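Structure first, then comments.
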Amino acid sequence: MNKIALLAFVLLCSMGYSQAVRKYSNEFMNIGVDAAALGMANAVTSSTSDVNSGYWNPAGLMALEDKQVALMHASYFANIAQYDYAAFSAPIDEQSAWGISAIRFGVDDILNTTELIDDQGNIDYNRVSKFSTADYGITFSYARKLKVPGWQYGINAKIIRRIIGKFANSWGFGVDAGLQFERNDWKFGLMLRDITTTYNIWNIDEEQYAKIKNAVAGQNQDLPESTEITLPKAQFGISKKFEFHYDYTLLAALNLNMEFAKTNDVIASDFVSIAPAVGFEFGYTDLVFLRTGFGNFQNITQLDNSRKLSFQPNIGLGFKYKGIQIDYALTDLGNQSAALYSNIFSLKVDLGIFR
C-alpha cells in the first residue's frame with residue numbers, strides 16, 4: 001500500500017511540473033492581511049502572534065490565549081476591485097491551536113459586450129450584460145509546540161476558488177508550512193508558501209469562448225491552458241521587542257522575502273531572488289501604536305538604461321483597548337512607481353472580553 005501511495009505521489013508531481021507555471025498565479029493570496037502588518041511592510045514572519053498568524057505564519061497561533069476574530073476591507077484601482085478578509089482562531093490546549101481564514105478579491109459589475117453586435121451587424125445595447133470575476137481563498141491552519149523549548153510549527157491547507165463570470169472557473173489546493181523560534185527575546189520565523197506547488201485546474205466554457213474567438217484576427221485562436229501551478233516562495237524573519245521605562249516599547253523586524261526565480265529584487269540570481277523588508281512598531285502602554293515599514297526593494301531600469309533602486313514605504317496607526325484593536329495603514333498597494341496609496345482598516349477582537 002505504501003508503494004502505491006509513493007507511486008501516486010511521484011506521478012502527481014511529474015504531471016504537475018509538466019503543466020503551465022505562472023509567475024503570478026494566485027497572486028491575490030500574496031497581497032497581505034491586517035493593517036498592523038501592512039504598516040510594517042509585512043515584516044512580521046517572526047513576530048506574528050495572533051489570529052492573523054494563519055496568513056503570515058501559522059506557527060504564531062501558539063501565542064493565542066483565547067479565541068480571536070479579525071476583519072479587513074480594502075479597495076483597489078480607484079474602488080474598482082474589492083479585497084475582503086475574515087479570520088477566526090482559537091487555542092486547542094496548551095500544546096496546539098487552530099484557525100480558519102477567508103479572502104475574497106473581486107471585481108463586480110463588469111460589462112459583457114460579447115453580444116453587443118448581433119448576427120446582422122446591428123448594435124443593440126440591450127444585449128449588454130454584467131458579470132463578476134472573483135478569487136476566493138480558504139485557509140485551514142494548525143499549530144503545535146515542538147518538544148524542543150522555544151520551537152513551534154504550523155501548517156496551512158489552502159483551497160482556491162476562482163470565477164470569471166460564466167466564462168471560466170477553477171479549483172486549486174496548496175499547503176504552507178511555518179516555523180518560529182524564540183531565544184533571549186529574539187524571535188526567528190520561517191514561512192514556506194505553496195510548498196507542494198498550488199495546483200489550479202480550470203474549466204472553460206467553450207461555447208462562451210467561441211463567441212470571442214475571432215474578435216481580434218490572429219488572436220485567441222486556441223483555448224487557454226486548463227492547468228497552472230504556483231511555485232513555492234519563502235520568507236525568513238527576525239525581530240526583537242525593546243522596552244523603555246515600562247510604558248514604551250519598540251518592535252524592530254526584518255524580513256527576507258525569497259522567490260526561486262530571477263526577478264528585479266535587489267539580490268537576484270538564477271536560483272533565488274531576495275527582497276528585504278524592515279518594519280518598526282512603537283507602542284505606548286500597549287494602547288497606542290505607531291508603525292512604519294519599507295519593503296519591495298527593486299532594481300528598476302530607466303528609459304536611458306540606467307538602474308534605479310525603488311522601494312515601498314508604509315505607515316500605520318493602531319489603538320487597542322480591552323481586547324478590541326483597530327488598525328490603520330497607509331500603504332502603496334500594487335503600484336510602486338506612482339504615488340497611489342491605499343487606506344487600509346482592520347479590526348481584531350479577543351472574544352474573551354465577552355465572558
Side-chain angles (χ1 to χ4, degrees), residues 9-10 12-13 16-17 21-34 37 40-63 87 89 96-101 103 137-146 148 150-160 172-182 186-200 228-239 253-263 265 267-277 279 295-296:
F9 177 77
V10 172
L12 179 62
C13 292
Y17 279 96
V21 175
R22 306 295 188 196
K23 181 178 179 182
Y24 299 109
S25 173
N26 296 328
E27 194 65 14
F28 77 101
M29 293 294 289
N30 296 319
I31 293 175
V33 302
D34 181 29
M40 294 179 62
N42 303 347
V44 296
T45 301
S46 60
S47 61
T48 182
S49 58
D50 58 20
V51 59
N52 300 300
S53 299
Y55 177 89
W56 294 113
N57 186 341
L61 293 174
M62 282 310 308
S89 62
S96 58
W98 75 280
I100 182 172
S101 61
I103 290 174
I138 307 294
T139 301
F140 301 91
S141 306
Y142 176 78
R144 189 169 184 84
K145 287 184 179 180
L146 291 170
V148 182
W151 286 86
Q152 53 203 33
Y153 73 91
I155 298 291
N156 284 342
K158 302 183 295 186
I159 299 174
I160 309 296
F173 178 78
V175 175
D176 305 330
L179 278 172
Q180 283 186 335
F181 170 66
E182 182 175 359
W186 286 91
K187 293 184 177 181
F188 304 85
L190 177 65
M191 179 63 169
L192 303 175
R193 298 188 180 274
D194 303 300
I195 57 174
T196 58
T197 67
T198 297
Y199 187 79
N200 283 65
E228 61 183 358
I229 294 173
T230 305
L231 291 178
K233 296 181 180 179
Q235 284 125 19
F236 174 77
I238 181 173
S239 61
L254 168 69
N255 248 41
L256 298 178
N257 304 312
M258 294 168 274
E259 294 187 48
F260 299 98
K262 192 167 186 178
T263 67
D265 293 340
I267 303 172
S269 68
D270 292 333
F271 172 68
V272 64
S273 296
I274 303 175
N296 200 27

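Here the structure is a predicted model, which means the values were calculated and not measured. Atoms considered below: every heavy atom in the structure, side chains included; atoms not considered: hydrogens, waters and symmetry mates.
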Would L61 and S141 count as a side-chain contact (heavy atoms from CB on, under 4.5 Å) here? Give the steps. CA-CA 9 Å; L61 293 174; S141 306; 3.7 Å; yes
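Between K145 and E182 no salt bridge is recorded (no basic side-chain N to carboxylate O distance below 4.0 Å).
Distance check, rounded to the nearest 0.5 Å: CD1 of I100 to CZ of F140 gives 4.0 Å. Separating the CG atom in D265 from the CG atom in L256 is a distance of 11.0 Å, to the nearest 0.5 Å. To the nearest 0.5 Å, atoms CG (D50) and CG (D34) are separated by 6.0 Å. Atom-to-atom distance recorded for F173:CZ and T198:OG1 is 8.5 Å, nearest 0.5 angstrom.
A pairwise comparison of heavy atoms in A253 and M40 identifies CB-CE, 4.2 Å as the closest pair. Among all heavy-atom pairs drawn from E259 and T263, the shortest one is OE1-CG2, 4.1 Å. Taking every heavy atom of both residues into account, S273 and A261 meet most closely at OG-O, 2.6 Å. Minimum interatomic distance between S46 and S239 (heavy atoms only, all atoms of both residues): OG-OG, 2.8 Å. When all heavy atoms of Q152 and G60 are compared, the closest pair comes out as NE2-CA, 4.3 Å.
Checked by atom type and distance alone, the side chain of N57 pairs as donor or acceptor with a backbone atom of A59 at under 3.5 Å. Remark: the backbone N or O of S101 is not paired with any side-chain donor or acceptor of Y55 at under 3.5 angstrom. Remark: side-chain polar atoms of W56 are not paired, donor with acceptor, to backbone N or O of A37 under 3.5 angstrom. Remark: the backbone N or O of W98 is not paired with any side-chain donor or acceptor of S89 at under 3.5 angstrom.
Annotation: side chain of I138 is not in contact with side chain of K158 (no heavy-atom distance under 4.5 Å). The shortest distance between side-chain heavy atoms of M191 and P58 falls below 4.5 Å. Using a 4.5 Å heavy-atom threshold, the side chains of N30 and K233 count as touching. Looking at I103 and M29, their side chains come closer than 4.5 Å, going by heavy atoms from C-beta outward. With contacts defined as side-chain heavy-atom distances shorter than 4.5 Å, the pair F181/W186 does not qualify.
T139 and N156 form no side-chain donor-acceptor contact under 3.5 Å, judged by distance and modelled atom types alone. Side-chain contact, T48 with S53: a donor N or O sits under 3.5 Å from an acceptor N or O.
Judged as a side-chain hydrogen bond (donor to acceptor under 3.5 Å, both in side chains), and not counting sequence neighbours, S47 has no contacts. Remark: Y153 pairs with Y142, R144, L146, I155, L179 by the side-chain contact (heavy atoms from CB on, under 4.5 Å) rule, at least two apart or across chains. Residues meeting the side-chain hydrogen bond (donor to acceptor under 3.5 Å, both in side chains) test with N255, sequence neighbours left out: T45, N257.
Test D194, I160, I229 against N26 for side chain to side chain contact (heavy atoms under 4.5 Å, CB included) and you get one pass: I160.
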